[in-house]
Amino acid sequence: MRWGLWTLAVIAFSIAPSRAQDNKTAYCNYTDGNQVSMQYNPVVKEQPKNGRIWAPGITLFAQAPLKVGNSRVAIGAYTIYLMPDKRSWTLIVSKNVTAGAAYDSAQDVARAPMEIGEIPEATKNLELSFAHMSAKECSLRVYYAKTGAFTDFLEAD
């Protein structure tokens, strides 16, 4: 009986889709070879609400010190939260990378305003991309529903 349950568990595990396989990565290489990247799952579990913290499941990986908004972000891994609003969004960098943890503003490392615009076709899934703007500047683009939101990640000196 043990062998049968174990075999069934192995088969079920190998058939079940892995969340890690569903993750996507957006990245930008700075001219000196350092990189900023974000790993995320495009399938959104909770809908964003204006004026409320949204945790779409984005992890930031910084290979170099960054300037985000008016703050410096050290090399490392961080959770990204977003706060949508009618006229602009705010990107929040949090040092708490514990999966499933509730948002805690005491863990904030940086906040940056995001310009927003309406995109021509609504997206069902979250989409992230970076645009390499200059030697030390990458612009993050976040697309969801009919909104595009943008902010810069500067490589700090």
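No experiment lies behind these values; they were computed from the predicted model shown.
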Scan side-chain atoms only and decide if Ser94 and Asn96 contain a donor-acceptor pair under the 3.5 Å cut-off.
-> no
Worksheet item: Hey, quick one: are Tyr78 and Tyr30 part of the same hydrophobic cluster, counting side-chain heavy atoms closer than 4.5 Å, chains of contacts allowed?
Response: yes
Residue set satisfying side-chain contact (heavy atoms from CB on, under 4.5 Å) with Pro65, at least two apart, ordered chain then number -> Arg72, Ile75, Ala156
Phe130 and Cys28 have their tightest heavy-atom pair at CB-CB, 3.5 Å
The reported gap from CZ in Phe61 to OG in Ser37 (rounded to nearest 0.5 angstrom) is 6.0 Å
*Do other residues, nucleotides or ligands put more than 12 heavy atoms under 6.0 Å from Asp32 CG?*
yes
Establish, from distance only, whether the side-chain atoms of Tyr27 and Gln63 form a donor-acceptor pair under 3.5 Å.
no
- Query: Under 4.5 Å between any side-chain heavy atoms of Pro48 and Pro84, yes or no?
  - Reply: yes
Same apolar cluster (I L V M F W Y, side chains within < 4.5 Å links), Val68/Met38
yes
d(Met114 CE, Thr147 OG1) to nearest 0.5 Å is 10.5 Å
Report task. Fit a plane to each ring of Tyr143 and Phe150, take the angle between them on a 0 to 90° scale, and name the class: parallel (under 30°), tilted (30 to 60°) or perpendicular (over 60°). Result -> perpendicular
Discussion item. Tell me if the NZ atom of Lys146 is crowded by more than 12 foreign heavy atoms within 6.0 Å.
Written reply: yes
Original post:
Under a 4.5 Å side-chain heavy-atom rule over Ile, Leu, Val, Met, Phe, Trp and Tyr, are Met83 and Trp89 clustered together?
Top reply: no
Shortest non-hydrogen pair, Ile116 vs Lys86, comes out as CD1-O, 3.3 Å
For Ala26 and Leu128, the nearest pair of non-hydrogen atoms, with its separation, is CB-O, 3.6 Å
Separation between CG (Leu60) and OG1 (Thr79), nearest 0.5 Å, reads 9.0 Å
*Do any N or O atoms from the side chain of Asp85 and from the backbone of Arg87 form a donor-acceptor pair under 3.5 angstrom?*
no
All heavy atoms of Ala110 vs all of Ser71, minimum pair found to be CB-CB, 3.6 Å
Rounded to the nearest 0.5 Å, the OG1 atom of Thr90 sits from the CZ atom of Arg111 at a distance of 6.5 Å
- request: Look at the side chain of His132 and the backbone N and O of Asn29, then say whether any donor-acceptor pair between them is shorter than 3.5 Å.
  value: yes
Here the pair of heavy atoms bringing Ala64 nearest to Glu155 is CB-OE2, 3.4 Å
Sorted by chain and residue number, the salt bridge (Lys or Arg N to Asp or Glu O under 4.0 Å) partners of Lys136 (sequence neighbours excluded) come out as Asp157
Between the CD1 atom in Ile92 and the CD1 atom in Ile80, the distance rounded to the nearest 0.5 Å is 9.0 Å
* Asked: Given the side-chain rings of Trp54 and Tyr144, with only the six-membered ring counted for Trp, is the space between their centroids under 6.0 Å?
  -> yes
Correct closest heavy-atom pair for Val44 and Glu46 would be CG1-O, 2.8 Å
Quick check against the 3.5 Å criterion: does Lys45 have a side-chain atom that pairs as donor or acceptor with the backbone of Pro56? no
The ring pair (Phe, Tyr, Trp, His ring centres under 6.0 Å) partners of Tyr40 (sequence neighbours excluded) come to none
(request) Treat each ILVMFWY residue as a node, draw an edge where side-chain heavy atoms are under 4.5 Å apart, and state whether Leu154 and Val36 are in one component. (result) no
Margin query: Let's go through Gln107 and Tyr81 carefully: what are the C-alpha distance in whole Å and the side-chain angles of both, what is the deciding distance for side-chain hydrogen bond (donor to acceptor under 3.5 Å, both in side chains) to 0.1 Å, and is it a yes or a no?
Written below: CA-CA 11 Å; Gln107 301 290 314; Tyr81 294 95; over 6 Å; no
Value for CG (Leu91) from CD1 (Ile58), rounded to nearest 0.5 Å, stands at 7.5 Å
